[in-house]
Amino acid sequence: MSKPATTGSRDHTVENYRRAFLLTLVAFIAVAGVAAWLWWRSAFNPMIRRGQPAVTSETLKPTTEPTASADGASAPQADTPLAPIQLSPQRMQSIGVKVGTVESKGISDEIRSYGNVQPNERRFAYVQTRFAGWIRQIYADATGDFIEKGQPLFTIYSPDLVSSEREYLLAKKSAAALQQSAVSGVADGAASLITASKSRLLQFDITESDIAKLDQTGEPITDLTVNSPVSGYITEKNALPNMYVQPDTKLYTIADLSEIWVFAQVFQNDAGKIKPGDPAEVTVDAYPGQVFRGKVDYLLPQLDMATRTLPVRLVFANPGLKLRPGMYVNVSLKLPLGQRLIVPDSAIFHSGTKNLIFTYSGDGNIEPHEVELGPHVGDQFVISMGVKAGEQIVTSANFLIDSEAQLSAAAGAFMPPPPGAGQAAAMNAQAPTQATVELATVPSPPQKGSNTIRIKLTDQAGKPITGAQVNVTFFMAAMPAMGMAAMKTVVQASDKGGGMYEGNGALGSGGTWQVTITAQQNGQTIANKQLSVNATGGM
């Protein structure tokens with residue numbers, strides 16, 4: 001009876017061990033979870049590790065989003081606004097301002113390229129026979145020779161052709177004998193036989209002159225002479241003496257060079273300007289001073305992947321056969337654009353994603369206008385939209401004028417002072433500053449993103465000033481060359497006691513910021529300080 005009791009005790013001990021293991025495992029998972037949470041918080045919130053305010057979700061927004069100030073107001077980062085400006089004659093002269101006029105006139109673009117002369121494939125002639133036979137004698141015996149139309153190429157003997165000639169002669173002889181026959185239809189049948197046999201000879205491509213020779217001699221032509229169908233150069237010759245030929249044998253290829261092709265290479269960004277029928281000119285070093293005029297025939301569809309150029313086929317008349325296949329030529333394509341508005345390319349100012357022109361209305365008044373550009377022709381731009389013919393425009397010093405316009409717009413972008421501030425400002429302009437201003441940031445130096453701004457105000461005796469309204473404005477001018485618009489952040493610092501004022505604001509970029517600190521008390525400005533600070537972080 002003691003054995004079962006021992007077994008029950010052992011089972012109870014195992015159960016206790018199992019419970020202890022499960023409790024230990026649960027406690028370990030809980031501790032690991034807490035440790036992981038603490039590690040994640042410290043890793044992704046470095047400000048907490050330093051004992052500084054945490055970066056909120058507003059700080060993590062992209063710089064392209066509106067920047068929120070301390071009071072919830074947003075400063076959208078749009079394209080830099082521009083404002084009209086007025087310059088004195090001395091200022092215009094010192095920065096080198098020049099004035100031009102928007103013109104309307106007929107213009108044409110020109111594309112210069114290179115090309116190679118090739119035969120016109122539409123003017124190739126291929127010499128073949130329509131019957132089998134043996135070549136007897138060769139007259140045109142060299143590739144590259146020029147041959148006139150009708151000039152003999154070779155002679156050929158064909159049993160089939162001779163048999164057809166005999167049939168024709170026999171039909172003529174029979175028709176002459178049966179012409180006086182009294183039997184109805186005999187004479188007509190003989191005439192039909194002549195017509196059929198003659199048609200067979202014509203199908204063999206026998207000329208009328210050869211048939212006339214048959215009629216004259218009454219004997220078949222055993223050695224038929226084959227003549228050139230066109231005038232041109234022999235580019236391919238396969239005929240040999242005593243060679244047996246079939247109808248599918250290509251014996252000669254003759255190129256008519258009275259009209260030739262030129263294949264010019266143009267870059268793909270110019271392909272949209274060219275259309276069939278546009279005039280073209282060609283010059284060759286072999287003929288100095290001579291210009292060959294033709295036109296665009298066709299734009300080939302396949303782009304050369306190595307050179308990124310598109311072949312354009314031009315067609316030219318070739319009097320005197322001066323342009324030979326394979327010649328390297330200089331090509332000029334004339335592209336008429338019609339009546340268009342044009343300005344010098346120096347009048348265009350590229351500001352980020354915009355193209356600007358500054359119009360001049362006299363007395364130093366300059367105003368920016370956004371324009372839409374057409375093609376660039378020589379040293380001029382075609383204007384599709386934005387200005388009118390006859391308007392005066394600035395053609396130099398555009399970069400300096402753009403800076404003046406941005407500063408003018410930035411000055412107008414600040415909030416207007418409260419009522420009565422004008423009188424206070426006049427008084428303050430005559431009185432010295434009543435307070436000393438000290439700026440501090442957390443972190444120091446400030447960074448791209450969220451920052452704590454602290455201002456300390458003391459009077460001339462060094463005592464803290466309380467109950468003031470303190471505004472801190474951060475401003476960064478636009479950088480068109482880098483595609484960045486102007487940025488501004490306004491922070492309203494609240495009174496924390498003891499002359500300390502504090503507020504939070506987000507900077508949209510690292511770099512140099514212009515800071516303006518203004519403090520007002522009882523409707524009067526007691527401090528106005530301007531300084532520059534460098535923020536860390538990327539653009």
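Residue indices begin at 1 and follow the sequence shown.
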Check whether [X] reaches the backbone of [Y] with its side chain - one donor and one acceptor, N or O, closer than 3.5 Å.
X	Y	answer
S199	A196	no
S346	T395	yes
T489	F474	no
Y287	F292	no
T309	D304	no
T359	E367	yes
Q339	S104	yes
N318	L257	yes

Candidate pair Q302 and L300, rule side chain to side chain contact (heavy atoms under 4.5 Å, CB included), full reasoning: CA-CA 6 Å; Q302 183 62 46; L300 274 69; 5.9 Å; no
Which of parallel (below 30°), tilted (30 to 60°) and perpendicular (above 60°) describes [X] and [Y]?
X	Y	value
F263	W261	perpendicular
Y114	Y328	parallel
F381	H350	perpendicular

Distance, nearest 0.5 Å, that separates [atom1] of [X] from [atom2] of [Y]:
X	Y	atom1	atom2	result
F131	I156	CZ	CD1	5.0 Å
L323	E259	CG	CD	12.0 Å
Q151	I254	CD	CD1	9.0 Å
F154	D223	CZ	CG	12.0 Å
I234	L153	CD1	CG	6.5 Å
L373	I348	CG	CD1	5.0 Å

For [X] and [Y], work out which heavy atoms get closest and say how close.
X	Y	value
V377	S108	CG1-O, 3.6 Å
Q128	P247	NE2-O, 3.4 Å
Y252	A239	CE1-CB, 3.7 Å
N116	V329	N-CG2, 4.3 Å
G96	S396	O-OG, 2.7 Å
I393	A347	CD1-CB, 3.8 Å

Hey, is [atom1] on [X] packed in by over 12 heavy atoms from elsewhere, all under 6.0 Å?
X	atom1	value
K237	NZ	yes
N269	CG	yes
R112	CZ	no
Q93	CD	no
D363	CG	no

Steps toward side chain to side chain contact (heavy atoms under 4.5 Å, CB included) verdict (L314, L333): CA-CA 10 Å; L314 316 173; L333 301 178; 3.9 Å; yes
Ion pair check, D210 and K213, cut-off under 4.0 Å: no
SB check D109 R340 (cutoff 4.0 Å): no
Taking C-beta and beyond as the side chain, do [X] and [Y] meet within less than 4.5 Å on heavy atoms?
X	Y	value
P159	W134	yes
T249	N238	no
P89	M92	no
E103	Q380	no
I383	I357	yes
P288	T283	no
K334	E110	yes
L202	I211	yes

Test side-chain hydrogen bond (donor to acceptor under 3.5 Å, both in side chains) applied to T512 and N534, step by step: CA-CA 4 Å; T512 302; N534 292 321; 2.7 Å; yes
side-chain hydrogen bond (donor to acceptor under 3.5 Å, both in side chains) assessment of T253 paired with E236: CA-CA 5 Å; T253 300; E236 184 178 6; 3.1 Å; yes
Derivation of the side chain to side chain contact (heavy atoms under 4.5 Å, CB included) call for I95 and L87: CA-CA 10 Å; I95 65 176; L87 302 177; 4.0 Å; yes
Verdict with reasoning, V282 to V331, per side chain to side chain contact (heavy atoms under 4.5 Å, CB included): CA-CA 5 Å; V282 157; V331 179; 4.2 Å; yes
Qualifying residue, where the test is side-chain contact (heavy atoms from CB on, under 4.5 Å) with S163 and the options are R166, E167, E165: E167
Partner of F349 by side-chain contact (heavy atoms from CB on, under 4.5 Å), out of L356, V394, N355, V371: L356
Check against side-chain hydrogen bond (donor to acceptor under 3.5 Å, both in side chains), Y168 and D215: CA-CA 9 Å; Y168 172 72; D215 295 336; 2.7 Å; yes
Test item: side-chain donor near acceptor, S158 and D160, under 3.5 Å: no
Stepwise side-chain hydrogen bond (donor to acceptor under 3.5 Å, both in side chains) check, E148 with S231: CA-CA 4 Å; E148 296 283 354; S231 297; 3.3 Å; yes
